[in-house]
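Heads up, the thing below is written out as structure tokens.
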Amino acid sequence: QVQLVESGGDLVQAGGSLRLSCAASGSSSIINSMAWFRQPPGKQRESVAIISSATTHYADSAKGRFTISRDNAKNEVYLQMNSLTPEDTAVYYCSALVGPRWYWGQGTQVTVSS
């Protein structure tokens, strides 16, 4: 029903910034909340940020450094990441909530070097 494609992942030095994008297609008009997750190498997937129509929420590790935003006209969600550290290295996934079901993108690699 919903297809999500992430982009913007890259290799960046510590202290740098990246802006991830996620484009939604298919039944994108019925998406409510959207979120970003990440999975570091060899670790479990964890939530990073979520945005609904009026509310945003961030993981403690992202608070103050990351900003999630949404462009409804373009059916896209973004994650601005500043002051990156090697601990931010992970595959980043966007997700979309349609009713009670979360849909997932394919992921984009973010690598932060020391």
Inset, instruction - Using the rule that two of Ile, Leu, Val, Met, Phe, Trp, Tyr join whenever any of their side-chain heavy atoms come within less than 4.5 Å, decide whether Tyr58 and Leu18 are in one cluster. - result: yes

Legend entry - Hydrophobic cluster identity match, Trp36 and Val91, side-chain contacts under 4.5 Å: no

[X] and [Y]: which non-hydrogen atoms are nearest, and at how many Å?
X      : Y      : result
Asn82  : Ser17  : OD1-OG, 2.9 Å
Ser113 : Leu11  : CB-CD1, 4.4 Å
Ser114 : Pro86  : OG-CG, 3.6 Å
Cys94  : Val77  : CB-CG1, 4.5 Å
Ala35  : Trp102 : CB-CZ3, 4.0 Å
Leu4   : Ala24  : CD2-CB, 3.6 Å

Can you find a heavy atom in the side chain of [X] that is under 4.5 Å from one in the side chain of [Y]?
X     : Y     : value
Asp88 : Arg38 : yes
Met81 : Arg65 : no
Leu84 : Phe66 : yes

Rounded to the nearest 0.5 Å, what separates atom [atom1] in [X] from atom [atom2] in [Y]?
X      : Y     : atom1 : atom2 : value
Ile68  : Leu20 : CD1   : CG    : 10.5 Å
Ser61  : Glu87 : OG    : CD    : 10.0 Å
Ser21  : Lys74 : OG    : NZ    : 9.0 Å
Leu79  : Tyr92 : CG    : OH    : 7.5 Å
Arg45  : Ser95 : CZ    : OG    : 8.0 Å
Gln109 : Thr89 : CD    : OG1   : 7.5 Å

Inset, instruction - Would you check if there is a donor-acceptor pair between the side chains of Tyr78 and Gln80 at a distance under 3.5 Å? - result: no

Inset, instruction - Look only at the side chain of Glu6 and the backbone of Gly107, and say whether a donor-acceptor pair between them is shorter than 3.5 Å. - result: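 Indeed, once roles are kept as given, a pair shorter than 3.5 Å links the two residues.
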
Legend entry - Passing candidate, ring pair (Phe, Tyr, Trp, His ring centres under 6.0 Å) with Phe37, options Tyr103, Tyr93, Trp104: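 It is Trp104; the other options fail the test.
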
Legend entry - Partner of Arg70 by side chain to side chain contact (heavy atoms under 4.5 Å, CB included), out of Ile31, Asn75, Thr56: Ile31

